[in-house]
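Worksheet: the structure to be examined is printed underneath.
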Amino acid sequence: MDKREIEYKIVELKDEYLQLQHNLEKLESVKGNLHPLEKRLTAIEEELSTLNTMLRDL
């Protein structure tokens, strides 16, 4: 991946993360199943960490 691809992927993941956080808040208010969203949020955090490391190393 080149620098632009990494930056684009980071922006996409941040957008998805914000949407999931919003959905998580909604589910919390109605006592929904939070586990799948929490699992995806954790995966996004890990992927963002990896991408940011890749970006720094370029």
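One distance of note links CD1 of I44 with CG of L13; it measures 6.0 Å at 0.5 Å rounding. Rounded to the nearest 0.5 angstrom, L37 CG and E25 CD are separated by 11.0 Å. The CD atom of E16 sits 5.0 Å away from the CG atom of L20 when rounded to the nearest 0.5 Å. Note that CD1 of I10 and CE of M54 are 9.0 Å apart. Values are rounded to the nearest 0.5 Å.
When all heavy atoms are compared, the tightest approach of L34 to L27 is CD2-CB, 3.5 Å.
Among residue pairs with one or both ends in residues 41-58, those qualifying as side-chain hydrogen bond (donor to acceptor under 3.5 Å, both in side chains) are Y17-E45, T53-R56; sequence neighbours excluded. Sorted by first and then second residue, the side-chain hydrogen bond (donor to acceptor under 3.5 Å, both in side chains) pairs with a member in residues 1-11 read Y8-E12; sequence neighbours excluded.
Put simply, the side chain of L51 reaches to within 4.5 Å of the side chain of M1, judged on heavy atoms.
L58 is not connected to V11 by any chain of hydrophobic side-chain contacts under 4.5 Å among Ile, Leu, Val, Met, Phe, Trp and Tyr, and they are in different clusters.
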